[in-house]
Amino acid sequence: TWSSEDNELKTLDNTEGDFELYSSMSFALSGLMPWQFCNYDDNHIGFPRDCSQQSFTGGQWNSLNRGGQPDYGYYVWLGTPDSPVDAPTFAPTGVGLPLSCISAEVWNDGFSLNGCTVASILEEVEALLPDSCPHDTLTDLKYLFNVDSDADVMESIQTMCEDGWSEVDATEFQDVDQNFDSAFMTEYIQGDTYINHETGTFEGTAEGENIGEFREGQAKATRLGGVDGLKECQLNSIMCCFGRDRQPNDNNGNCADPIEENCVDADPADNSNLCYAEYDNSIYPGESEGDIHCHGLAWADDRGDFSYQLQHNNFFYVSLYDHMYQRGYVENTVESNKVPMCACMEDMKIKVSRADCTQIDATLTFNIKYERGSLRASPGNDLDVNFNSCQGTNPSNGNDQGNDLASRVFRFFNEGKITEETKDAVFDTLVGYAEPGNNANEAACTRAYEDAIGDEYLTPTDEWLQVYGKGSQEDSANTYLEFFGPDSPYLPRDGGFYIRRLCVDCGDRHNDIIYKRLTPLPDGFSIFDYFLGEWASQDNMLNADFELYGNMLDALADRNRWTFCNYDDNVGFPRDCGPDSFVGGQWNSLTRGGRQNYGFYVYRANVNPEPPLPPQQEEDSLAQWSQVFGKGSQESPAIDISFWEAGSEYIPLSGGFYIRRICPSCRDSHKDIIYKRVTPLSADFDVPNLFLDTWSSEDNELKTLDNTEG
């Protein structure tokens, strides 16, 4: 009978015990890894009853009377503590797992690492295993952790690292500012505290100074605790999408002095496209949501990883410091309490094209050693945290991609740090993940909405009629140029109408502009010439004759009006006009270059009821034209020069006829020219000579704004 009388195990909890137990003579001689559990006094049950390294292990006892293990032997040692014999390095334990091949001296001293993760522990232990070891790294660690499977080893390492991190100096958000308690921070991430709703700079405020001081001190040297609602994110990521800029004079967003006029509902710098709100499937085509700014962070699955342990340090930096304190970005993107300002990715309830990203780069020394019956990780006092733009991998081409949340998540997936399910779920919110540099990515919004909901995602032009297009925006089958002219019902002469330019290759703040006409159009005022010829100041002054906006919602609500415009430089709309200051290089022109991919639209609601659209012809194939002259590649046996004579059926002396020149070798602006005769011809007017020999001014002057009698 294995009895407790004068025979109790010496453990950490019972330092007065009578004996110790070990799994090998190496450990017995060095005093490493003593067993910590024993029980006794079960009649006729012999050694060691249910004793084990850490906890109850039944069925390993022997007995002369009650069965138990059938094959065993007992031995006494031939050595003494002063002159020991060699103990075997590898010997079977009672549970059939080999002993650690790493010497007791190594485990007694331990080893140091930067950080504490599964990968780093496995790498170091593998390096320590001698070549003569008969088993692999995971098997060695199974023995050290007293577990049975590879998965148990991984979990044990993470638990060990978590325990080590729990000893690191910790802070809470109330250490940033006394007002930032749990209730406050819960409201803050909803965009609903006084610092979200107030307008003005943080410079000189108590909150601003506290945030700045924490950033330079404890955010770099302590582990920050979490915020309720952000502590159990399932998709290893947090995202903030900001809808308002509250702070002037920081070169971010369009809030400006005086704040009473220019900062009440100012916008952050636009870096994403709000596609639709998931909670009610409301869509935001084009720039209808206004300017928004999304920024996030991600972390690895490994609970010892710096990105995991310091995720709330990163959240502090992204939200309170970098975006609110430094840039003034506050409030949510959608005016609904169902869409938070910041949340775990799965709780954002909106779909967006993309988000910027910040990562943690940190150092912290851990000492890994065997003590108190298991491996343990002890942190040093040298935590150093830095915050940098994310380094990721472009999901489309595998190239390095910076400052993009989806690309950061994709790199984690490629490195085996998150699951494919997590990656796919994040991509389900960042729907433009395949094009990290495409902030607008309307195509991704359309695809995501129609795949998920099944309804059509309305395009930005559904309420608009195209009247001109160039480059990628040219669409002759659906463009009504006549409605950009002086008799257009969509451009009433008494004003009060809207014109829109969509420009694919313009900057973010100029890819969608609304022109809202306030005053009547004077006689001779040509919208077409002003927008495509020369953007002029005559009868066309900003916020007197017209207003400009960055989207139609703002135009209809009379908010976020543009405040700067210039004119009269022989280029088209909008010269260097900008939301709040000079912005060059965003103009279009028919003669001087400029932007090459844009379209102009008139608002269908400019006229009510809307007139029927004229029938659109197929692209011009010259079927309605008869050739009267040709040279080079344009020579043709079907030419009939008689059609070109003054007074012919097609060149009436009363005027009102059209002549066309097609010149494939000419520059784009002159490849196709239409001559429209306005005044009558004299009987002796020589039309062929005018076009082929001497282009004369006699009875042949161009009608222009300055020469209305041409």
Side-chain contact, heavy-atom cut-off 4.5 Å: [X] with [Y]?
X      : Y      : value
Phe484 : Leu491 : yes
Tyr515 : Arg501 : no
Phe528 : Val467 : no
Phe573 : Leu548 : yes
Ile513 : Pro574 : yes
Arg354 : Leu405 : no
Asn273 : Asn439 : no
Asn540 : Arg517 : yes

Donor-acceptor pair, side chain of [X] and main chain of [Y], under 3.5 angstrom:
X      : Y      : answer
Gln627 : Phe629 : yes
Asn254 : Asp267 : yes
Glu261 : Ile259 : no
Asp568 : Ser537 : yes
Asp280 : Ser282 : yes
Arg661 : Ile674 : no
Thr393 : Phe410 : no
Asn332 : Gly191 : no
Asn707 : Leu702 : yes
Ser589 : Thr591 : yes

Distance only, no hydrogens: is a donor on one side chain within 3.5 Å (strictly under) of an acceptor on the other, for Gln247 and Asp250?
-> yes
With the threshold set at 4.0 Å, does a side-chain nitrogen-carboxylate oxygen contact exist between Arg411 and Asp400?
-> yes
Checking [X] now: which residues fulfil salt bridge (Lys or Arg N to Asp or Glu O under 4.0 Å) with it, not counting sequence neighbours?
X      : value
Asp428 : Lys351
Arg595 : none
Asp322 : Arg327

Who passes side chain to side chain donor-acceptor pair (under 3.5 Å) against [X], sequence neighbours left out?
X      : answer
Arg592 : none
Ser389 : none
Tyr468 : none
Asp291 : none

Residue pairs fulfilling ring-ring contact (aromatic ring centres under 6.0 Å, His included) with at least one residue in residues 246-284, sequence neighbours excluded = Tyr276-Tyr449
For residues 654-675, the ring-ring contact (aromatic ring centres under 6.0 Å, His included) pairs (sequence neighbours left out) are Tyr675-Phe691
Heavy atoms of other groups near [X] [atom1], more than 12 under 6.0 Å:
X      : atom1 : result
Gln538 : CD    : no
Asn397 : CG    : yes
Glu203 : CD    : no

Start with the C-alpha distance between Val318 and His295, add both sets of side-chain angles, then the distance that settles side chain to side chain contact (heavy atoms under 4.5 Å, CB included), and finish with yes or no.
-> CA-CA 7 Å; Val318 166; His295 200 114; 3.7 Å; yes
Asn566 and Phe582: side chain to side chain contact (heavy atoms under 4.5 Å, CB included), yes or no, with the steps?
-> CA-CA 8 Å; Asn566 58 3; Phe582 176 105; 4.1 Å; yes
Give, for atom [atom1] of [X] and atom [atom2] of [Y], the distance between the pair rounded to the nearest 0.5 Å.
X      : Y      : atom1 : atom2 : answer
Asp455 : Ile283 : CG    : CD1   : 9.0 Å
Lys671 : Ile662 : NZ    : CD1   : 11.5 Å
Asp686 : Ser696 : CG    : OG    : 10.5 Å
Phe564 : Ser581 : CZ    : OG    : 7.5 Å
Asp270 : Asp512 : CG    : CG    : 10.5 Å
Trp644 : Leu690 : CH2   : CG    : 8.5 Å

Using the side chain to side chain contact (heavy atoms under 4.5 Å, CB included) rule, take Phe497 and Ile527 through it: C-alpha gap first, then chi angles, then the decisive distance, then the call.
-> CA-CA 12 Å; Phe497 56 80; Ile527 288 289; 4.0 Å; yes
Aromatic rings Tyr598 and Phe600: how do their planes relate, parallel, tilted or perpendicular, breaks at 30° and 60°?
-> perpendicular
On the 0 to 90° scale, with breaks at 30° and 60°, tag the Tyr329-His323 ring pair as parallel, tilted or perpendicular.
-> tilted
Identify the two heavy atoms, one from [X] and one from [Y], that lie closest to each other, and give their separation to 0.1 Å.
X      : Y      : answer
Ala536 : Tyr530 : O-CE2, 3.6 Å
Trp464 : Arg500 : NE1-NH1, 3.0 Å
Ser353 : Ser272 : OG-OG, 3.3 Å

If you look only at pairs with a residue in residues 579-591, which of them pass as a salt bridge (charged side-chain N to carboxylate O under 4.0 Å, His left out), with sequence neighbours excluded?
-> Arg509-Asp580
Quick note, salt bridge (charged side-chain N to carboxylate O under 4.0 Å, His left out) partners involving residues 551-564, not counting sequence neighbours, are Glu547-Arg561, Asp554-Arg559, Asp558-Arg561
Determine, for cysteines Cys240 and Cys294, whether their SG atoms are under 2.5 angstrom apart.
-> no
Kindly determine whether Tyr480 and Tyr490 satisfy ring-ring contact (aromatic ring centres under 6.0 Å, His included), including the steps that lead there.
-> CA-CA 11 Å; Tyr480 299 86; Tyr490 294 94; 8.8 Å; no
Using ring-ring contact (aromatic ring centres under 6.0 Å, His included) as the criterion, list what pairs up with Trp562, not counting sequence neighbours.
-> His510
Please report the C-alpha distance between Glu649 and Phe643 in whole Å, then the side-chain angles of each, then the deciding distance to 0.1 Å, and finally whether the side chain to side chain contact (heavy atoms under 4.5 Å, CB included) criterion is met.
-> CA-CA 7 Å; Glu649 178 182 0; Phe643 290 163; 5.7 Å; no
